[in-house]
Amino acid sequence: MSTDAAAGPFDLDAAWRLDERVAIRPERFGALLYHFGTRRLSFLKSPALLTVVRSLADHPSARAACAGAGVGPPELPRYRAALAALAASRMIQPRSA
C-alpha cells in the first residue's frame, strides 16, 4: 500500500520508519536530517521529535512512538504536522506492521 503524505492527512495509526538513506545529526535544538538519495536537509526543532523519529521502527504506529516519547494528546496535532512534512520529503516512509 503506497502512502502519499501530500494526498491526505498523516496517518498516526500507521507504521512508519526512518528512510535507510537518512543520516541524523543530533543538535541541542533537536537534529539535522540529511537524505542521501534526495540530498534534502530537514531540521527537527525539538529533542522530543528526534526521539519520535528515532523510535518509529520500534513502535506499531507513529501514535505509539509519540506516546513513548512523552507526547500528550494536546501536542499530537503539532507532531502530526511535523511527521507529515517528514513523510512528504521522504525522510520517513510507511512500513509493514
Side-chain angles (χ1 to χ4, degrees):
M1 172 163 110
S2 174
T3 300
D4 182 0
F10 182 82
D11 186 2
L12 282 173
D13 295 313
W16 293 85
R17 68 176 178 83
L18 188 67
D19 187 290
E20 66 271 356
R21 297 168 291 177
V22 173
I24 298 175
R25 185 172 115 188
E27 297 286 345
R28 278 187 290 169
F29 59 82
L32 297 172
L33 301 182
Y34 180 76
H35 194 296
F36 285 94
T38 64
R39 299 182 356 188
R40 286 182 166 228
L41 183 65
S42 291
F43 295 86
L44 301 185
K45 297 180 182 176
S46 80
L49 182 55
L50 173 59
T51 301
V52 170
V53 169
R54 280 185 161 166
S55 68
L56 284 171
D58 299 330
H59 292 279
S61 68
R63 185 181 307 275
C66 288
V71 176
E75 301 169 300
L76 273 179
R78 194 176 75 216
Y79 280 78
R80 177 186 298 224
L83 291 169
L86 292 172
S89 64
R90 298 182 4 209
M91 296 290 177
I92 63 173
Q93 53 184 236
R95 66 176 169 84
S96 301

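Not measured: the values here are computed from a predicted model.
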Trainee: Could you list the residues that satisfy side-chain hydrogen bond (donor to acceptor under 3.5 Å, both in side chains) with R21, not counting sequence neighbours?
Mentor: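 With sequence neighbours excluded, R21 shows a side-chain hydrogen bond (donor to acceptor under 3.5 Å, both in side chains) to D19, given in chain and number order.
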Trainee: Determine whether I24 and W16 fall in the same hydrophobic cluster, where Ile, Leu, Val, Met, Phe, Trp and Tyr are linked whenever their side-chain heavy atoms lie under 4.5 Å apart.
Mentor: yes
Trainee: Calculate, to the nearest 0.5 Å, the distance between atoms SG and CZ belonging to C66 and R78 respectively.
Mentor: 10.5 Å
Trainee: With sequence neighbours left out, write down each residue that passes ring-ring contact (aromatic ring centres under 6.0 Å, His included) with F36, or none if nothing qualifies.
Mentor: Y34
Trainee: Using the side-chain contact (heavy atoms from CB on, under 4.5 Å) criterion, which residues pair with A67? Sequence neighbours excluded.
Mentor: none
Trainee: Per the salt bridge (Lys or Arg N to Asp or Glu O under 4.0 Å) rule, what does the pair list look like for residues 22-31, sequence neighbours excluded?
Mentor: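 Listed by first then second residue: R25-E27.
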Trainee: Could you tell me whether the side chain of T38 reaches within less than 4.5 Å of the side chain of S89, counting heavy atoms only?
Mentor: no
Trainee: Would you list the pairs meeting salt bridge (Lys or Arg N to Asp or Glu O under 4.0 Å) in which at least one residue belongs to residues 33-54, sequence neighbours left out?
Mentor: none
Trainee: I'd like to check the side-chain contact (heavy atoms from CB on, under 4.5 Å) partners of A81; sequence neighbours left out, ordered by chain and number.
Mentor: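 Counting only residues at least two positions away or on another chain, A81 forms no side-chain contact (heavy atoms from CB on, under 4.5 Å).
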Trainee: Provide the closest heavy-atom pair for P74 versus P77 in the form atom of the first, atom of the second, distance.
Mentor: O-CD, 3.5 Å
Trainee: Between L76 and L56, is there a shared hydrophobic cluster once you connect ILVMFWY residues whose side-chain heavy atoms come closer than 4.5 Å?
Mentor: yes
Trainee: What residue among L41, L44, V53, L86 forms side-chain contact (heavy atoms from CB on, under 4.5 Å) with M91?
Mentor: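 Only match with M91 under side-chain contact (heavy atoms from CB on, under 4.5 Å): L86.
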Trainee: What are the two closest non-hydrogen atoms of S55 and A65, and how far apart are they?
Mentor: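 That would be OG-CB, 3.7 Å.
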Trainee: Can you confirm whether S46 sits close enough to F29 that some side-chain heavy atom of one is under 4.5 Å from a side-chain heavy atom of the other?
Mentor: no
Trainee: Taking all non-hydrogen atoms of both residues into account, name the closest pair between L12 and L83 and its distance.
Mentor: CD2-CD1, 4.2 Å
Trainee: Which pairs count as salt bridge (Lys or Arg N to Asp or Glu O under 4.0 Å) when at least one residue sits in residues 58-77, sequence neighbours excluded?
Mentor: D13-R63
Trainee: Under the side-chain contact (heavy atoms from CB on, under 4.5 Å) rule, collect the residues that match up with A64, sequence neighbours excluded.
Mentor: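 For A64 the side-chain contact (heavy atoms from CB on, under 4.5 Å) partners, ignoring immediate neighbours, are H59, P60, S61.
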